[in-house]
Each structure stands twice: as structure tokens, then as C-alpha cells.
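Before any comments, here is the structure.
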Amino acid sequence: MAPGPDLNRRRRALLSVTDKSRLGELARALDGRGYELVASGGTAAELKREGLAVREVGELTGFPEIFGGRVKTLHPLVFGGILGPDEAALAQAADLGVLPFDVVVVNLYDFTAAVDAGADEAAAIEKIDIGGPSLLRAAAKNHARVCVLPDPAFYDDFLEALAGGDGFPDSEFRRNMAAATFALTADYDAAIADWFAGGHACCDDPDHDHDHGHDHEHEHEQILGVELRYGENPHQKAELLLPGEDVEEPLLGMGLRQLSGKELSFNNLMDVIAAVKLVDDLEAGGRVACAAIKHTNPCGVGLGATPAAALARALVSDPDAAFGGVFAFTGEVDAEAAAELHTRFCEVIVAPSFAPDALELLGRKKNLRLLELERETFRAATWGQVRIFGDVQLHQDEDEDFPELASWRHVAGPAPDAATAGALQLLWRICKHVKSNAILLGDAAGTLGVGAGQMSRVDSARLAVRKANERNLELGGCACASDAFFPFPDGLEELHAAGVRAVVAPAGSLRDADVIAAAERLGLTLMHTDRRHFRH
């Protein structure tokens with residue numbers, strides 16, 4: 001990875017923002033750390049009013065803004081300064097007048113707000129930002145050298161990063177900002193695409209058909225259709241169908257109240273449902289449970305005496321994968337947990353409640369969705385599973401309860417003591433929520449490694465071990481759960497070599513006897529159940 005900027009030259013920041021809230025505070029901090037400020041027209045004028053020295057983009061490029069500001073930053077001297085990969089390459093381009101940028105602060109024209117306010121087509125099109133997304137994507141692509149800030153919601157985190165070290169955010173922060181930037185520009189493009197396609201979230205035509213092919217008038221009950229931000233991908237439309245009539249807060253029909261943040265997407269709701277169902281399955285024994293979910297798979301699950309402790313434990317196994325994920329809690333999110341969550345990029349946080357100071361802090365991130373959960377309503381609304389493929393619907397009952405734990409059998413190795421049995425039972429409950437083939441490593445407090453969705457169970461075992469090893473987590477003496485039987489001894493052998501000492505898995509393989517013999521030979525505790533928990 002390329003290093004940060006050369007400390008032998010003056011650092012530079014490019015600023016071009018629509019939302020000028022806290023702009024002066026941010027710019028003064030950059031100026032105080034020795035950055036030269038370069039800004040486009042309106043941003044430069046605001047900074048001058050703040051009494052700051054600023055160089056205008058037109059002065060840098062020698063080319064004035066044209067077409068009423070439609071073209072101002074789209075210039076090789078600007079993009080060369082952002083995309084230059086390293087100091088050596090920038091030095092070679094210096095004769096061309098390329099000015100390197102180290103920080104890029106850009107936010108976009110608010111297209112959705114303009115359309116929601118009733119803008120006509122010409123006015124809406126003028127709110128389609130071209131230069132802004134290009135600057136953001138260029139800076140995010142080159143995050144190895146450049147730090148991008150796409151939203152004022154990240155200013156607090158940036159100012160903290162700026163204050164430490166040598167006045168330049170570290171590589172992890174820059175990478176996190178790059179991920180947040182690409183998510184933001186994807187959402188921005190999706191809103192514009194939806195408007196062009198006639199999506200009713202941005203449509204002011206009262207005669208427009210908003211049904212998207214769904215029959216919202218069933219014979220015996222009203223069905224409320226709520227358009228989501230988009231589907232699994234931005235080019236797919238998506239809708240949430242709920243029993244009931246049009247209400248101000250339709251999510252209440254599934255036991256959720258949105259307290260802040262932008263609209264939910266299809267993927268957000270899939271992850272929320274997966275996260276809540278997971279923590280609902282855990283017997284925390286008076287402790288708080290926290291699950292971090294990404295693409296409906298748990299990145300980490302933890303139990304703790306407080307929400308902050310549960311969060312910290314959930315982040316042990318794979319904090320990188322949890323970036324941009326959904327976090328679910330079984331207890332109220334308090335100020336301590338909120339302080340940690342505020343430093344992270346999260347899509348959604350769902351909990352039974354939020355303490356007022358936690359809500360105030362997290363609510364500053366305007367894109368972060370905060371959902372308050374009413375557990376019983378959610379359970380009733382989400383019981384069972386339906387998958388729809390055109391005119392074909394697949395229905396199945398909910399995979400609920402764990403009666404098999406009352407009758408599980410010790411079939412090999414040392415008998416589990418109370419602590420080991422507790423760890424195995426916790427991991428068994430979590431493993432049900434991992435995509436098959438699933439292998440889960442951990443202890444009585446939470447997860448250490450997750451191997452999900454592999455075509456081979458031994459590959460899932462290797463993946464879980466590798467993820468834990470990448471975090472330098474100690475696996476010696478840990479426990480493991482498998483969502484279905486081991487078809488061969490090789491999976492157990494991989495786990496034992498990594499330090500696993502106890503495993504719970506269903507019986508049912510034609511080679512159960514070989515697997516049991518291998519566990520006995522390895523001195524590995526093996527518990528068998530009579531029920532599996534596939535999740536496809």
C-alpha cells in the first residue's frame with residue numbers, strides 16, 4: 001500500500017461542499033495543521049467569510065467556472081492531484097502543474113430533497129451532481145494516499161483522527177471513509193435512476209402507477225406497500241408489503257420504529273430481520289447480547305454485562321467484516337455503547353430502546369438508521385418464511401426452538417464440563433443463523449471465527465480458523481458448532497489442529513462411525529444432536 005503524503009511538503013485539502021454546516025470548523029482545523037485550502041466558488045466564498053486563506057479552483061486550473069457552475073472541478077490538474085498514486089509519480093507530473101491533494105471534502109447536491117420539494121424536471125436535472133461524485137470516487141479509489149470526507153456526519157471522526165499522530169488520518173480510517181463514500185454514491189445514483197424510471201419516491205405525478213406489479217387489494221385484508229430505497233442492487237426496485245392501511249409509520253406493523261437516518265433498503269431489512277432473529281434466539285442469562293450482521297451472516301456475536309461489553313465482544317472475531325453492517329442489541333443502547341458505535345461506520349442499529357444521550361450522539365449521523373424494536377410484534381410479523389420467484393411462492397415454517405439440546409448425546413472424547421457445555425450451546429444457537437455450510441468457533445462469551453456459505457464443510461472449517469488466526473485470536477481449548485453433520489473426518493482434523501477441543505454437530509452421516517472414531521483418536525469432545533439447522 002502506498003504511504004501517506006510526504007511530510008517534506010505542505011499538505012493540501014480540496015473542499016467543494018453543498019452542505020456548509022461546520023465547514024468553518026473543519027477548515028480551521030485543517031489550516032491549524034498546516035494544510036493549504038483549495039476550494040470551488042461557493043465554498044471558497046464561505047471560507048473567505050470565515051477569515052481563512054483559500055485558493056480558488058479556477059486560480060489553480062487557470063480555467064473559470066462555465067455554464068453556471070456545471071463545469072468547475074472537472075479538470076486534469078484537479079483529478080491528477082487526487083489520483084496521483086504516490087509522491088514519486090506526483091513529482092514526475094509537477095512540471096505539468098499538478099497539485100497533489102491529501103484530503104478531499106465533498107458533499108453532493110441534494111437531489112432527493114429537491115424532488116421531494118416538488119422540483120420540476122429541469123430543476124431536478126440541475127440537482128444531478130456530476131463533479132461531486134467524480135471527485136469522491138477518485139479520492140476513495142486512491143485512499144492509499146488520500147483521505148476522502150463525503151458527509152459532515154464524518155467530521156467529528158475526522159477531526160479526532162486529524163488531532164492525533166502527525167495530522168493525517170491512518171490507513172484504516174482512510175479505507176473506512178472510502179467504503180462509506182462508495183456506499184453514498186451508490187445510493188445517490190440509485191435515487192436518480194429511480195426518478196428517471198418513474199419510481200414513486202421521487203415522482204410528483206398523481207396518476208403514476210406505484211404498484212410495481214403487486215396486488216395491494218387482497219380479498220379480505222388491506223395490504224400496505226412501502227417502497228424501499230432499492231433492492232439487492234440499486235437497479236432493482238423493492239417494496240415491503242405489510243398488512244394494514246396507509247399509516248404514518250408503516251414499520252410499526254413489523255414492530256420497528258425508525259428514530260433517525262435515511263430510508264431503508266431491501267438489504268437493510270434482510271439484515272435487520274436476520275440480526276433480530278439471531279439475538280432473540282440467545283439465552284443471555286441476564287447479560288446483554290449483541291450481533292453484528294453483514295449480508296445476513298453474523299460477523300460476530302457477543303454477550304456482556306453491559307451493551308458496550310457485548311459490543312466489544314461481538315467485534316473480537318471480525319471487526320473488518322462488521323464495517324458497514326447491522327448491529328442488534330437485546331438491551332438498551334446506552335452512552336458508552338453509543339460512543340463506540342459512533343466511531344464506526346454502521347448501516348443500522350436496532351435495539352429495544354436508546355438512552356437519550358445515546359440517541360442524541362448517534363442521531364448526528366444523518367445516514368445511520370436507528371430502529372427501536374418491539375419484540376413481540378416483530379416476532380409475530382416475521383414468523384415463517386416465504387420466498388417468491390415470479391408467480392411461484394415457497395413457504396416454510398419458522399426454524400424455531402432448540403429441543404435437540406435437551407437430548408444431545410456425548411459420543412466421543414472427554415465429557416464436557418459446565419463451561420464447555422455452555423459454550424457449545426451458545427455456539428449452536430448462533431450457528432443456526434450462519435449460511436450453510438456453517439462452522440462457528442467461539443467460547444461462552446461469543447464468536448471467535450465464522451466460516452459461512454462454503455460448498456465444502458472442511459472449507460468452512462478452514463475459513464473459520466483463518467479468520468480467527470488473522471485476528472491473532474487464541475483458539476486453544478475453544479468450542480465449535482456445525483450446522484449439519486461432518487461427512488468425513490477431515491473437518492474435525494482441521495479444527496483439532498487449530499486448537500478446538502469440543503464440537504457439537506448433528507448426527508446423520510453415513511460415515512458417523514468414522515467421524516466419531518476420529519474424534520476419539522484426537523481426544524476431541526463430540527456432542528451429537530438429532531436436528532440440523534441449514535440456512536440457504
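V316 is linked by a side-chain contact (heavy atoms from CB on, under 4.5 Å) to R313, L448, L473, counting only residues two or more places apart in sequence or in another chain.
In this structure, the side chain of D443 engages the main chain of G446 through a donor-acceptor pair within 3.5 Å. Between the side chain of R369 and the backbone N or O of E263 there is at least one donor-acceptor pair closer than 3.5 Å. One N or O on the side chain of R344 and one on the backbone of P319 form a donor-acceptor pair closer than 3.5 Å. H410 places a side-chain N or O within donor-acceptor distance of the main-chain N or O of A412, the cut-off being under 3.5 Å. For the pair K432 (side chain) and D281 (backbone), a donor-acceptor distance under 3.5 Å is absent. A donor-acceptor pair under 3.5 Å is absent between the side-chain atoms of T185 and the main chain of P133, judged by distance alone. Remark: side-chain polar atoms of K294 are paired, donor with acceptor, to backbone N or O of A321 under 3.5 angstrom. Under the 3.5 Å distance criterion, the side-chain polar atoms of H433 are left unmatched by any main-chain donor or acceptor of I430. Side-chain atoms of D271 come within 3.5 Å of backbone atoms of T296 as a donor-acceptor pair (strictly under, hydrogens ignored). Checking side-chain atoms of N142 against main-chain N and O of G84 turns up a donor-acceptor pair under 3.5 Å.
Within 6.0 Å of CD on E160 lie no more than 12 heavy atoms contributed by other residues, nucleotides or ligands. The environment of CD in E283 is sparse: at most 12 heavy-atom neighbours from other residues, nucleotides or ligands sit within 6.0 Å. The local environment of CZ in R535 is crowded, with over 12 non-hydrogen atoms from other residues, nucleotides or ligands closer than 6.0 Å. The number of heavy atoms from other shown groups lying within 6.0 Å of CG (L510) does not exceed 12.
To the nearest 0.5 Å, atoms CG (L427) and SG (C480) are separated by 7.5 Å. Note that the OG1 atom of T447 and the CG atom of L303 stand 9.5 Å from one another [nearest 0.5 Å]. Considering CG of N437 and CD of Q454, their distance stands at 8.5 Å, rounded to 0.5 Å. Rounding to the nearest 0.5 angstrom, the gap separating the CD atom in E398 from the CD atom in Q396 is 8.5 Å. The structure places OG1 of T529 at 11.5 Å from CG of L424, a figure rounded to the nearest 0.5 Å. We find the CH2-CD distance between W408 and Q425 to be 4.5 Å, quoted to the nearest 0.5 Å.
Under a 4.0 Å N-O distance rule, the pair D157/K365 qualifies as a salt bridge. We find that R175 and E172 are not joined by a salt bridge, their nearest charged nitrogen and carboxylate oxygen being 4.0 Å or further apart. We find that E493 and R521 are joined by a salt bridge, their nearest charged nitrogen and carboxylate oxygen being less than 4.0 Å apart. Under a 4.0 Å N-O distance rule, the pair R457/D483 qualifies as a salt bridge.
Across A464 and G451, no two heavy atoms sit closer than the pair CB-N, 3.5 Å. When all heavy atoms of D357 and A335 are compared, the pair lying nearest together is OD2-CB, 3.3 Å. Counting all heavy atoms, side chain and backbone alike, P298 lies closest to L278 at CB-CD1, 3.8 Å. Of all heavy-atom pairs between R511 and P487, the closest is CD-O, 3.4 Å.
Proximity of L315 to E340: side-chain heavy atoms (C-beta onward) are separated by under 4.5 Å at one or more points. You'll find the side chain of L108 reaches within 4.5 Å of the side chain of L136, heavy atoms only. Side-chain contact between L440 and V301 is absent, with no heavy-atom pair separated by less than 4.5 Å. In this structure, L368 and L370 have side chains that are in contact, with non-hydrogen atoms separated by less than 4.5 Å. Counting heavy atoms from C-beta on, the side chains of P403 and R531 come closer than 4.5 Å. Two residues are said to be in side-chain contact when any heavy atoms from C-beta on lie closer than 4.5 Å; N107 and D151 fail this criterion. Residues L251 and L240 form a side-chain contact, since some pair of their non-hydrogen atoms from C-beta on lies under 4.5 Å apart. With contacts defined as side-chain heavy-atom distances shorter than 4.5 Å, the pair T420/R501 does not qualify.
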Test log, rule side chain to side chain contact (heavy atoms under 4.5 Å, CB included), inputs F488 and D514: CA-CA 7 Å; F488 302 100; D514 295 341; over 6 Å; no

Check against salt bridge (Lys or Arg N to Asp or Glu O under 4.0 Å), D280 and K277: CA-CA 5 Å; D280 197 38; K277 284 179 177 272; over 6 Å; no

Step-by-step side chain to side chain contact (heavy atoms under 4.5 Å, CB included) determination, S265 to L228: CA-CA 5 Å; S265 71; L228 300 174; 5.6 Å; no

Verdict with reasoning, K237 to D194, per side chain to side chain contact (heavy atoms under 4.5 Å, CB included): CA-CA 8 Å; K237 292 184 178 180; D194 185 62; 3.8 Å; yes

Side chain to side chain contact (heavy atoms under 4.5 Å, CB included) between D156 and H342, intermediate numbers included: CA-CA 9 Å; D156 282 334; H342 187 262; 4.1 Å; yes

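Side-chain polar atoms of E332 and S353 form a donor-acceptor pair below 3.5 angstrom.
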Would you tabulate the side-chain donor-acceptor contacts of residues 255-262 under 3.5 Å, counting partners in other chains and residues two or more places apart, or write 'none'?
| unit_1 | atom_1 | unit_2 | atom_2 | d |
| --- | --- | --- | --- | --- |
| R257 | NH1 | E249 | OE1 | 3.2 |
| R257 | NH1 | E249 | OE2 | 2.8 |
| Q258 | NE2 | S260 | O | 3.3 |
| Q258 | NE2 | G261 | O | 3.3 |
| Q258 | NE2 | K262 | O | 2.7 |
| K262 | NZ | D187 | OD2 | 2.5 |

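Each of I439, L441, V500 was compared with V465 under the side-chain contact (heavy atoms from CB on, under 4.5 Å) criterion, and only L441 meets it.
Taking the six-membered ring where tryptophan is involved, the planes of F173 and F158 are tilted, since the angle between them lies from 30° to 60°.
The ring pair (Phe, Tyr, Trp, His ring centres under 6.0 Å) contacts involving residues 288-331 comprise F323-F345, where partners must be two or more places apart or lie in separate chains.
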